[in-house]
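Before any comments, here is the structure.
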Amino acid sequence: MRRPETSHEVVAAVLRRGTAYLLGRRPEHKRHGGLWEFPGGKIHAGEDDLAAARRELAEELGLRVTAIGGILYIAADPGSAFEIRFVEVYAEGEPEAMEHSEIRWADAAELLRMELAPADARFVRERLSPADRGSRSP
């Protein structure tokens, strides 16, 4: 499948506490409704990954992003113009489901069994290798 000529960049925050990653379930009325995703959203004009992560995680989860690390994975969202950048994110606070229908922490083994949005599923399969599960810190 060809990627659309015009793409929109999206940041997906890979937040980790211990061996668990934070995921949100997309609202039913949205694209990929009911599927789980790493939280985040569109990068607005003039924003870098840090600014977008700060804005999106404050709006969606009530978290304060303190820092970001590198880009872990980039994936096109099939059938859309979205290019998703999975970035390691460090944040303070307890997340609240303000945009998602629910949130949860899941370890790598659980992630492999969850119904994830397509790009998120590829990230989990391709990036969270057995060596990364539980030993590496995004």
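- Listed by chain and number, the residues in a side chain to side chain donor-acceptor pair (under 3.5 Å) with E28 amount to none (sequence neighbours excluded).
- E47 pairs in a salt bridge (Lys or Arg N to Asp or Glu O under 4.0 Å) with only one of the listed residues (K42, R55, R85), which is R55.
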query = Could you go step by step and tell me if V89 and T66 meet the side chain to side chain contact (heavy atoms under 4.5 Å, CB included) rule?
reply = CA-CA 8 Å; V89 172; T66 58; over 6 Å; no
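- A heavy-atom distance below 4.5 Å is found between the side chains of L72 and E88.
- Interatomic distance, I103 CD1 to M98 CE, rounded to the nearest 0.5 Å: 10.0 Å.
- Contact annotation: the side chain of D77 never approaches that of V10 to less than 4.5 Å [non-hydrogen atoms, C-beta and beyond].
- Between the R122 side chain and the A76 main chain, a donor and an acceptor come within less than 3.5 Å of each other.
- Between atom CZ of residue F82 and atom CD1 of residue I43 there is a gap of 12.0 Å, rounded to the nearest 0.5 Å.
- The line from CG of L35 to CG of L116 is 8.0 Å long, rounded to the nearest 0.5 Å.
- The shortest side-chain heavy-atom distance between P95 and R17 falls under the 4.5 Å cut-off.
- Smallest separation of non-hydrogen atoms from L15 and P39: CD1-CG, 4.1 Å.
- Annotation: salt bridge (charged side-chain N to carboxylate O under 4.0 Å, His left out) contacts involving residues 102-111, sequence neighbours excluded, comprise R25-E102, R104-E110.
- Panel note: side chain E96, backbone G62; no donor-acceptor pair is recorded below 3.5 Å.
- Cluster membership for I71 and L57, using ILVMFWY side-chain heavy atoms within less than 4.5 angstrom, is shared.
- Atom CH2 of W105 sits about 11.5 Å away from atom CG of L111, to the nearest 0.5 Å.
- A distance of 9.5 Å separates CG of L61 from CD of E99, quoted to the nearest 0.5 Å.
- Taking CG of D49 as the start and CD of E56 as the end, the distance is 12.0 Å to the nearest 0.5 Å.
- Under the side chain to side chain donor-acceptor pair (under 3.5 Å) criterion, E59 pairs with no residue at all, not counting sequence neighbours.
- Taking 4.5 Å as the limit, every side-chain heavy atom of I74 sits out of range of all side-chain heavy atoms of F86.
- A continuous path of ILVMFWY side-chain contacts below 4.5 Å connects L112 to F38, so both sit in one hydrophobic cluster.
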